[in-house]
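Step one of this worksheet: look at the structure below.
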Amino acid sequence: MTFIKVTLLVIIIAFFSVKLSWGHPGFHFGWGDHHGGISFGLSPQFYQFSCPQANDIVMSVLEKAIAKDMRMAASLLRLHFHDCFVQGCDASILLDDSTRIVSEKNSGPNKNSVRGFEVIDEIKSRLEEACPQTVSCADILALAARGSTVLSGGPNWELPLGRRDSKTASLRGSNKNIPPPNATIESLITFFKRQGLDEADLVALSGAHTIGVARCATFKQRLYNQKGNNQPDENLEKSFYFDLKTMCPKSGGDNFISPLDFGSPRMFDNTYFKLILRGKGLLNSDEVLLVGNAKETRRLVKKYAQDESLFFEQFSMSMIKMGNLRPLTGFNGEVRKNCRILN
């Protein structure tokens, strides 16, 4: 091939690369990947041209929703976690039961527990008016999680976007992959490692419990029968133990709620870690970060209790890392018009 022909070919490829990148921000061209020379990556600028007002719309809905319901920030953050840990961050958790879908909403970790779906519906409706079939439900979950953190006084981070929505859900995956509140430190590390997340991610992401509440059913075992001997968890600080007993009886009351961080339940800060050091972590999965047989998680709990900025920095990095779990990009999946149903 002559030099002139090679030059012309390069110019033509470059031209179409630019055209496609303008039309589909986030499509990046490179060599040696698995898409015939096209690399589909996440990018903070994904909606720069197709829907530049996307984050402003998300934030405006969040501000009203969180002002109306103080628990909503934590609920939306949790929704993102429970989505990403199943099939990757693909909005599979938002799908309702249908002839083609068995909803993840009915799994053990989710049933009568996950919430915030109506807020996601409202965000999606507003975005469809502004930028029809452009912003995916998976990206809405990621944006809502970041926005909820920021509005609670927590860190901000540059959020890679460009996820697409799954056409499937996995009830089995939801039951299998989401860590339970009574998990040991060994099983927590395994749950996170399965997702490609390490011990620093485990401790930092557990710090999301600085906001939100838990149902009595999730920590009742610690109060009355921690080791199958009808005795409480010896790691519970005594006054905290008695306070919990008054609102979480041995029989009944499973849906009574307690703050995960009673020190500053509405603020995203490092009080959660300070409470764990004092024997006042609410869930077993909180307390074992300190008392479990894992030196690194113990070291990090102490570090984050001392240095809030260090916690914020690692939390931001871990949220980006979790948000990048097996995203659907390019021509995979779809951008749902309604987050609850397939197109």
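If you read the sequence from its start, that first residue is 1, and numbering goes on from there.
With salt bridges taken as basic N to acidic carboxylate O contacts below 4.0 Å, none links Asp254 and Arg215.
Residues meeting the salt bridge (charged side-chain N to carboxylate O under 4.0 Å, His left out) test with Arg299, sequence neighbours left out: Glu296. For Arg340, the salt bridge (charged side-chain N to carboxylate O under 4.0 Å, His left out) partners are Asp96, Asp121, not counting sequence neighbours. Scored by the salt bridge (charged side-chain N to carboxylate O under 4.0 Å, His left out) test, Glu63 finds no partners at all (sequence neighbours excluded). Applying the ring pair (Phe, Tyr, Trp, His ring centres under 6.0 Å) criterion to Phe192, with sequence neighbours excluded, gives Phe85.
Pairs of residues two or more places apart, or lying in two chains, that qualify as side chain to side chain donor-acceptor pair (under 3.5 Å) and include a residue from residues 67-76 are Asp69-Arg115, Ser75-Arg115. Among pairs with a residue in residues 97-143, those fulfilling disulfide bond (SG atoms under 2.5 Å apart) read Cys51-Cys131, Cys137-Cys339, at least two apart in sequence or across chains.
Remark: the Tyr47 side chain and the Asn55 side chain contain no N/O donor-acceptor pair separated by less than 3.5 Å. A donor and an acceptor atom, one from each side chain of Ser174 and Asn110, are located under 3.5 Å apart. At a cut-off of 3.5 Å, with distance as the only test, a side-chain donor of Gln195 or Arg326 sits close to an acceptor on the other residue. In this model, a donor atom of one side chain and an acceptor atom of the other lie less than 3.5 Å apart for Asp269 and Ser264.
Taking the six-membered ring for Trp and the full ring otherwise, Phe268 and Phe315 have centroids separated by under 6.0 Å.
A continuous path of hydrophobic side-chain contacts links Leu300 to Ile185 [ILVMFWY only; heavy atoms under 4.5 Å].
Surrounding NZ of Lys321 are more than 12 heavy atoms belonging to other residues, nucleotides or ligands, all under 6.0 Å away.
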